[in-house]
Amino acid sequence: MKHINYILVALFGLLLTSCQDEYSFPDVELQGDQLNFMVTQADGNDNELILQSMEPDYISYWSYTDANGSQIGTSNEDSLRVTLPFAGSYNVYYTAYTKGGAVEADPVSVEVSSNDEEYFSDEEWAMLTNGVEGKTWVLDMISPVGWAGLDYPYNESGSDYWNWFPDYAGNEWVMDNKDWGEITFDLDGGYNVEVIQTAINSNSQTTSIGSFNYNIDNHTIRFNGVDVLFGGDYYGDVSNWTSVNVVEISENSLRLAVVRDQSRTGEGVAQIVFHYKT
């Protein structure tokens, strides 16, 4: 029995030695300034970056940030093209992962001269933001709020397709008639949004600044760092005030909806639709 134990211990020792030999990494001798890669901008379109690594023996990692240091993208591809739709300054970081660890190159700075007009060619971008100049929206007190089913307005065959957008006259109970604040979108170097929100029970206002993502195909806007502008006492009925549905958009009219999913008075799930004008 002892002989068997000795044999097992010896075999384990050989296996451990073999694993250490297989997975031991050499010291890193490569320096960042020795890495072979390129960061170039496309001819005639400086919004398009061409990133290329000429280090086939290493794993590539790219990271690119805006002038504020906010990361806007990453990739592990050796070669790729990146669209930077906004004018401004950017930094591109390249890291090569070797057997001995990560080797980082100095960042490469690039300048983008103007917004990519083709990227923002859909007319809804201009309707919402007025581009770089920006556009400010306020609640339209002629008909400031309404309600709709979850299928409204893009699924007419759905079982929950309905809406009620009452006039304020005769329905003053929906909210007080006062200045509820404003919401401003612009594309000046980023997806910028500012919300000035008036309190429910007073005229005091708070200002929040953040960013947004507009998915035109899905008719949704997601706010980052801010809540959508609202009026009336509806905040407690909704768990999410940052992901909204675009129910209507035109040059001078905008309807954004949040989902009532925790009604304090027992009403069913529905969209609460706020109506804005420029």
Side-chain angles (χ1 to χ4, degrees), residues 11-122 125 132 186-193 209-218 220-225 242-243:
L11 289 174
F12 179 76
L14 289 173
L15 180 61
L16 180 62
T17 302
S18 175
C19 290
Q20 288 175 338
D21 290 340
E22 182 179 354
Y23 293 103
S24 61
F25 295 133
D27 293 335
V28 179
E29 298 180 357
L30 189 68
Q31 301 299 316
D33 57 4
Q34 297 174 314
L35 292 174
N36 192 11
F37 69 99
M38 291 195 309
V39 176
T40 56
Q41 290 170 281
D43 292 339
N45 181 15
D46 63 4
N47 296 93
E48 185 177 11
L49 288 185
I50 303 168
L51 311 181
Q52 186 172 0
S53 168
M54 283 76 75
E55 298 287 1
D57 296 329
Y58 308 134
I59 297 174
S60 298
Y61 178 77
W62 304 91
S63 173
Y64 26 102
T65 66
D66 61 19
N68 298 321
S70 300
Q71 188 179 83
I72 56 177
T74 63
S75 176
N76 285 116
E77 299 180 42
D78 290 330
S79 179
L80 69 152
R81 289 176 177 259
V82 176
T83 298
L84 302 175
F86 298 108
S89 301
Y90 299 86
N91 285 319
V92 179
Y93 298 85
Y94 173 70
T95 302
Y97 283 91
T98 72
K99 287 185 177 181
V103 181
E104 299 179 358
D106 290 335
V108 177
S109 298
V110 296
E111 293 288 334
V112 176
S113 59
S114 61
N115 283 7
D116 187 342
E117 297 301 329
E118 184 176 352
Y119 188 87
F120 296 109
S121 60
D122 193 297
W125 284 109
V132 173
D186 74 64
L187 298 176
D188 187 7
Y191 302 94
N192 307 308
V193 63
I209 297 175
S211 61
F212 72 98
N213 303 102
Y214 183 22
N215 189 321
I216 293 177
D217 293 335
N218 291 337
T220 58
I221 294 176
R222 179 172 179 82
F223 294 95
N224 306 298
T242 59
S243 296

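Here the structure is a predicted model, which is why all the values come from computation and not from measurement.
- Rounding to the nearest 0.5 angstrom, the gap separating the CD atom in E104 from the CG atom in D33 is 13.5 Å.
- Of the possible donor and acceptor atoms, none in the side chain of Q52 sits under 3.5 Å from a partner among the backbone N and O of S79.
- Every residue was checked against the side chain to side chain donor-acceptor pair (under 3.5 Å) condition with D66, not counting sequence neighbours, and none meets it.
- The two residues A96 and Y58 make their nearest non-hydrogen contact at CB-CB, 4.0 Å.
- Between Y191 and F120, the ring planes lie perpendicular to each other; the angle is over 60°, past the 30° to 60° tilted range.
- Side chains of S60 and D78: a donor on one and an acceptor on the other come within 3.5 Å.
- Summarising the geometry, atom CG belonging to L35 is positioned 10.0 Å from atom CG belonging to D106; distances are rounded to the nearest 0.5 Å.
- Under a 3.5 Å cut-off, the side chain of N115 and the backbone N or O of L187 do form a donor-acceptor pair.
- To the nearest 0.5 Å, atoms CG (N218) and CG (N213) are separated by 12.0 Å.
- No option in T95, V108, V92 other than V108 meets the side-chain contact (heavy atoms from CB on, under 4.5 Å) test with F37.
- Side-chain contact, N224 with S211: a donor N or O sits under 3.5 Å from an acceptor N or O.
- D186 and V132 make their closest contact through CB-O, 3.9 Å (heavy atoms, listed as atom of the first residue, atom of the second, distance).
- With values rounded to the nearest 0.5 angstrom, L49 atom CG is found 9.0 Å from Y90 atom OH.
- Looking only at side-chain heavy atoms (C-beta outward), R222 and T242 come within less than 4.5 Å of each other.
- Closest non-hydrogen pair, S53 versus Y94, comes out as OG-OH, 2.7 Å.
- Between P107 and N91, the shortest heavy-atom distance links the atoms CB-CB, 4.5 Å.
- Listed by chain and number, the residues in a side-chain contact (heavy atoms from CB on, under 4.5 Å) with T74 are Y61, S63, Q71 (sequence neighbours excluded).
- The CD atom of E111 sits 11.0 Å away from atom CG of L84, with the distance rounded to the nearest 0.5 Å.
- Closest approach of Y119 to W125, counting heavy atoms only: O-NE1, 4.2 Å.
- Note that CG of D46 and CG of D43 are 11.0 Å apart. Values are rounded to the nearest 0.5 Å.
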